[in-house]
Amino acid sequence: MSKVRESPAAAAGAAAILLRYLRDQNRPHSAQDAFGNLQREHGLGKMAVVKALEQLAQQGKIREKAYGKQKIYFPDQDQFPTMSDSELKALDNEISELSSKVQTLQQSCRHMESELKDLNGSMTTPKMIKEIEELKKDCASYTEKLERIKSAANHVTPEEKEKVYNEKKLYCKEWRRRKRMATELLDAILEGYPKSKKQLFEEVGIETDEDYNVTLPVAV
């Protein structure tokens with residue numbers, strides 16, 4: 001498969017874009033840095049960026065330094081005028097002010113992002129109105145149900161409830177007493193019985209609570 005060669009005009013255009021970019025930025029860039037920063041705006045391919053940077057370095061328009069396998073490119077500093085100490089100090093002050101503004105803006109952005117997240121997580125007015133209407137319907141339904149219960153004639157009075165509870169305690173107590181007596185009697189019989197407990201129960205016709213999965217209520 002033959003490779004598509006880049007036209008001289010395209011190569012010259014890429015070199016001009018990169019040269020202008022490096023001069024404007026005036027700081028070191030790798031080919032990957034330049035490609036990532038210019039790809040979207042100018043549509044430059046990775047190989048076009050690499051070739052253009054190498055060409056500019058060979059022509060002496062920019063400087064090139066190798067760090068291991070990576071190369072760094074930056075504009076020739078001789079082309080820039082020498083700045084006085086006062087000018088450098090003024091630039092430092094400007095950088096400091098801009099950095100402070102950037103920090104303020106970043107903090108403001110984080111605050112607005114937090115507010116946006118809270119707003120997105122909260123209910124909208126139409127949803128809230130719908131939720132209120134549904135809650136009103138539920139309240140009306142529960143109120144109606146409560147009124148029906150209150151007006152019913154078959155209520156169990158506290159006295160009747162207490163009576164049933166006492167009768168239950170009495171019957172459970174008697175059940176427990178009779179079961180204990182039967183168990184003691186059967187244990188006495190089994191001491192002189194030559195067969196097993198199961199065989200005795202079958203011969204006599206004894207049915208236990210366990211046969212019917214019945215459990216004696218716990219005493220309160």
Determine, stepwise, if the pair Y165 / K161 fulfils side chain to side chain contact (heavy atoms under 4.5 Å, CB included). CA-CA 6 Å; Y165 179 73; K161 182 179 179 181; 5.7 Å; no

Around atom [atom1] of [X], are there more than 12 heavy atoms of other residues, nucleotides or ligands at under 6.0 Å?
X    : atom1 : result
K179 : NZ    : yes
Q107 : CD    : no
D85  : CG    : no

Evaluate the criterion side chain to side chain contact (heavy atoms under 4.5 Å, CB included) for residue pair L18 and Y73; output intermediate values, then yes/no. CA-CA 10 Å; L18 284 162; Y73 301 91; over 6 Å; no

Distance-minimising heavy-atom pair for [X] and [Y]:
X   : Y   : value
P75 : N26 : CG-OD1, 3.4 Å
A31 : V49 : O-CG1, 3.7 Å
L44 : F35 : O-CE1, 3.2 Å
P28 : I72 : CB-CG2, 3.3 Å

Between E184 and R180, is a side chain to side chain contact (heavy atoms under 4.5 Å, CB included) present by the stated rule, with each step listed? CA-CA 6 Å; E184 291 174 353; R180 184 174 62 252; 3.7 Å; yes

No-hydrogen, no-angle side-chain donor-acceptor test under 3.5 Å, [X] and [Y]:
X    : Y    : result
D33  : S30  : yes
Q32  : K46  : yes
D211 : T208 : yes
Y142 : E147 : no

Single hit among T124, I129, T125 for side chain to side chain contact (heavy atoms under 4.5 Å, CB included) with K127: T124

Once you round to the nearest 0.5 Å, how far does [atom1] of [X] lie from [atom2] of [Y]?
X    : Y    : atom1 : atom2 : result
H42  : N37  : NE2   : CG    : 10.5 Å
K61  : Q59  : NZ    : CD    : 4.5 Å
E202 : K195 : CD    : NZ    : 10.0 Å
R23  : I62  : CZ    : CD1   : 10.0 Å

Taking side chain as C-beta onward, heavy atoms only, is [X] less than 4.5 Å from [Y]?
X    : Y    : value
M128 : E131 : no
D187 : E191 : no
S99  : I95  : yes
L185 : M181 : no
W175 : V214 : yes
K163 : E159 : no
E64  : F74  : no
L22  : L53  : yes

Using a strict threshold of under 4.0 Å (side-chain N to carboxylate O), is an ion pair present between R148 and E144? yes

Between E174 and R178, is there a salt bridge with N-O shorter than 4.0 Å? yes

Single-linkage hydrophobic cluster, 4.5 Å side-chain cutoff, [X] and [Y] together:
X    : Y    : value
V50  : L19  : no
I206 : I189 : yes
L105 : L98  : no
L116 : M112 : no

Please check: side-chain N/O of S108 versus main-chain N/O of T104, any donor-acceptor pairing under 3.5 Å? no

Under 3.5 Å: donor-acceptor pair, side chain of S114, backbone of R110: no

Is it the case that the ring center of Y21 lies less than 6.0 angstrom away from the ring center of H29? yes

Assess whether side chain to side chain contact (heavy atoms under 4.5 Å, CB included) is satisfied between N166 and E162, documenting all intermediate values. CA-CA 6 Å; N166 290 333; E162 182 69 18; 3.6 Å; yes

